[in-house]
Amino acid sequence: MQRFNDLADFSSAEIQDLIALAARLDRHPEPRALEGKVLSLLFLSPSLRTLSSFQAAMIRLGGGAFVISPEMSIHGLESRYGIVMDGAAAEHVREAIPVIASYGDAMGVRAFAERRDLAHDVADKDFQGLTSLINKPWINMESAINHPCQSLADWKTMDELGIPANGGKFVLTWAYHPRALPLAVPSATLHMAAMRGMDVVHLRPPGFELPPAIMEKVRDAATKSGGSVKETTDRREAMQGAHVVYAKSYSSTRHYGDKLGDQALREELIHWCVDEPWFAEARPDCRFMHCLPVRRGVVVADRILDGPRSVVIQEARNRMVVQMAVLYRMMKG
């Protein structure tokens with residue numbers, strides 16, 4: 001495996017193979033599988049689970065990892081091209097990334113969208129520019145429009161819970177948040193559920209539609225897998241018979257890059273906080289999923305997160321487990 005960038009790069013059978021490998025490595029550890037191997041990790045955006053889960057995955061497989069981040073005591077990094085570097089940044093990514101990559105056997109990169117130009121971010125142009133500088137196998141640890149590690153962990157979590165693929169109903173709902181957040185997780189999550197073969201519903205208020213190119217990708221995946229895709233603003237309709245509710249806050253695509261316009265729109269939607277009444281039309285055993293971090297009492301009520309519906313800790317642990325499988329395939333062969 002030379003890159004892990006998008007679940008769409010793999011067949012469903014290949015995804016299932018990775019999940020099976022992850023389960024095997026979890027049950028039967030191989031603590032010397034990646035002995036002597038090094039993973040370089042570049043975090044241009046903040047992280048808790050992604051950073052710690054990759055470090056833990058490498059340690060469990062016998063390898064090591066090092067982390068570079070602008071928050072650490074390093075020179076500021078410049079990523080713009082053709083700029084005269086007479087400001088705060090002392091080093092350009094064109095030098096920094098090849099150097100960081102040269103110290104390891106594979107590399108992970110995390111870089112969120114700047115959220116100025118929707119078409120630019122949907123095309124993931126900034127992330128493509130960064131990864132083009134890597135001459136080793138590499139992993140997308142979240143880009144402007146994708147988060148394949150989270151999606152693989154979510155797929156594994158639903159498999160463990162016995163949630164049906166074909167015939168399972170998956171609801172991705174927008175939820176309130178005081179800030180405009182990236183589109184990567186909702187875009188990747190909808191695609192993952194469609195690729196798994198589920199009946200996917202995107203529940204969102206007007207102004208929070210995902211980009212047409214993303215929805216086309218989701219529908220193509222559903223067509224191939226035998227699933228279906230629907231968008232709605234009607235919560236009761238969306239929740240009818242749901243097996244899973246996955247909450248995610250994200251930017252308004254109607255006001256993308258317009259902070260004041262986005263803020264004015266979301267301020268009217270503070271009631272979009274997932275709570276038990278939401279589940280009235282869902283299956284009795286409907287589960288709640290979220291990628292974390294999550295704001296209690298804002299995105300979701302405490303009684304949901306602390307109750308039997310929530311599987312967020314299981315999801316988070318599965319980040320480490322599925323990443324072990326990705327690293328094993330990438331670095332051991």
Side-chain angles (χ1 to χ4, degrees), residues 3-7 40-54 67-72 74 76-81 88-89 91-93 96-97 100 107-134 138-154 172 174-192 208 210-211 213-214 217 246-253 255-259 262-263 266 290-295 298-299 315-316 319 323:
R3 68 177 188 175
F4 188 72
N5 183 53
D6 188 340
L7 294 195
S40 312
L41 298 171
L42 175 62
F43 283 86
L44 298 177
S45 302
S47 172
L48 186 154
R49 273 150 298 279
T50 300
L51 190 156
S52 55
S53 62
F54 267 108
V67 178
I68 297 295
S69 169
E71 282 70 44
M72 300 168 63
I74 63 171
L77 290 178
E78 178 61 72
S79 61
R80 294 170 293 177
Y81 288 82
E91 188 157 9
H92 202 282
V93 293
I97 289 180
I100 295 167
M107 184 167 174
V109 179
R110 182 178 178 95
F112 294 169
E114 294 191 3
R115 297 195 298 283
R116 295 197 193 98
D117 182 323
L118 182 58
H120 182 88
D121 288 344
V122 169
D124 232 355
K125 290 186 178 180
D126 290 338
F127 194 78
Q128 290 176 7
L130 296 173
T131 56
S132 70
L133 302 171
I134 304 172
W138 57 267
I139 299 168
N140 180 340
M141 301 193 301
E142 190 174 352
S143 66
I145 207 65
N146 218 325
H147 198 351
C149 297
Q150 182 66 51
S151 293
L152 189 61
D154 291 337
L172 174 73
W174 184 87
Y176 175 74
H177 193 287
R179 296 171 52 211
L181 299 181
L183 301 179
V185 170
S187 299
T189 299
L190 272 186
H191 175 262
M192 175 276 299
F208 290 89
L210 287 176
I214 296 302
K217 177 183 177 183
Y246 196 118
K248 189 67 187 82
S249 311
Y250 57 89
S251 303
S252 167
T253 49
H255 298 287
Y256 200 80
D258 174 8
K259 184 176 180 180
D262 183 288
Q263 185 176 354
R266 71 178 54 243
H290 192 283
C291 62
L292 301 182
V294 66
R295 296 198 182 201
V298 176
V299 173
E315 288 177 81
R319 287 292 307 278
Q323 287 159 197

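Here the structure is a predicted model, which means the values were calculated and not measured.
Between Phe43 and Pro70, the shortest heavy-atom distance links the atoms O-CD, 3.0 Å. Scanning all heavy atoms of the two residues, the minimum distance from Leu7 to Leu152 falls at CD1-N, 4.4 Å. Summarising the geometry of Arg179 relative to His177, their closest heavy-atom pair is N-ND1, 3.0 Å, with the distance given to 0.1 Å. In plain terms, the two heavy atoms of Ser251 and Arg115 that are nearest each other are OG-CD, 3.3 Å. What you find for Ala247 and Ala175 is that their closest heavy atoms are CB-CB, 4.4 Å. Across Arg49 and Cys291, no two heavy atoms sit closer than the pair NE-O, 3.8 Å.
The backbone N or O of Met141 sits less than 3.5 Å from a side-chain atom of Arg110, completing a donor-acceptor pair. Side-chain atoms of Arg266 never come within 3.5 Å of backbone atoms of Tyr176 as a donor-acceptor pair (strictly under, hydrogens ignored). In terms of modelled atom types and a separation under 3.5 Å, the side chain of Ser40 and the main chain of Ile100 share a donor-acceptor contact. For Glu315 (side chain) and His290 (main-chain N/O), a donor-acceptor pair under 3.5 Å exists by modelled atom type. A distance-only check finds no donor-acceptor pair linking the side chain of Ser187 to the backbone of Ala184 [under 3.5 Å].
Aromatic ring pairs are classed by plane angle as parallel below 30°, tilted from 30° to 60° and perpendicular above 60°; the pair Trp174 and Phe208 is tilted.
Interatomic distance, Leu51 CG to Ser69 OG, rounded to the nearest 0.5 Å: 8.0 Å. The distance from the CD atom of Gln263 to the OG atom of Ser252 is 12.5 Å, given to the nearest 0.5 Å. Here the OG1 atom belonging to Thr131 is positioned 8.0 Å from the CZ atom belonging to Arg3, to the nearest 0.5 angstrom. Between the CG atom in Leu210 and the NE2 atom in His191 there is a gap of 13.0 Å [rounded to 0.5 Å]. In this structure, CG in Leu133 is found 11.5 Å from CH2 in Trp138, a value given to the nearest 0.5 Å.
At a threshold of 4.5 Å between non-hydrogen side-chain atoms, the residues Tyr246 and Pro186 do not count as touching. With contacts defined as side-chain heavy-atom distances shorter than 4.5 Å, the pair Asn5/Phe127 qualifies. Annotation: side chain of Leu42 is in contact with side chain of Ile97 (closest heavy-atom distance under 4.5 Å). Annotation: side chain of Thr50 is not in contact with side chain of Cys149 (no heavy-atom distance under 4.5 Å). Contact check for Leu190 versus Ile214: no side-chain heavy atoms found under the 4.5 Å cut-off.
Every residue two or more places apart in sequence or in another chain that forms a side chain to side chain contact (heavy atoms under 4.5 Å, CB included) with Arg80 is listed here: Glu78, Ile83. Residues satisfying the ring pair (Phe, Tyr, Trp, His ring centres under 6.0 Å) test with His120, not counting sequence neighbours, are none.
When Thr189, Leu183, Val185 are each tested for a side chain to side chain contact (heavy atoms under 4.5 Å, CB included) with Lys248, only one passes: Val185. With respect to Tyr256, the side chain to side chain contact (heavy atoms under 4.5 Å, CB included) criterion is satisfied by exactly one of Asp117, Asp121, Val122: Asp121.
Pairs of residues two or more places apart, or lying in two chains, that qualify as side chain to side chain donor-acceptor pair (under 3.5 Å) and include a residue from residues 143-153 are Asp6-Asn146, Asp124-Ser143, Asn140-Ser143, Gln150-Asp154, Gln150-Arg319.
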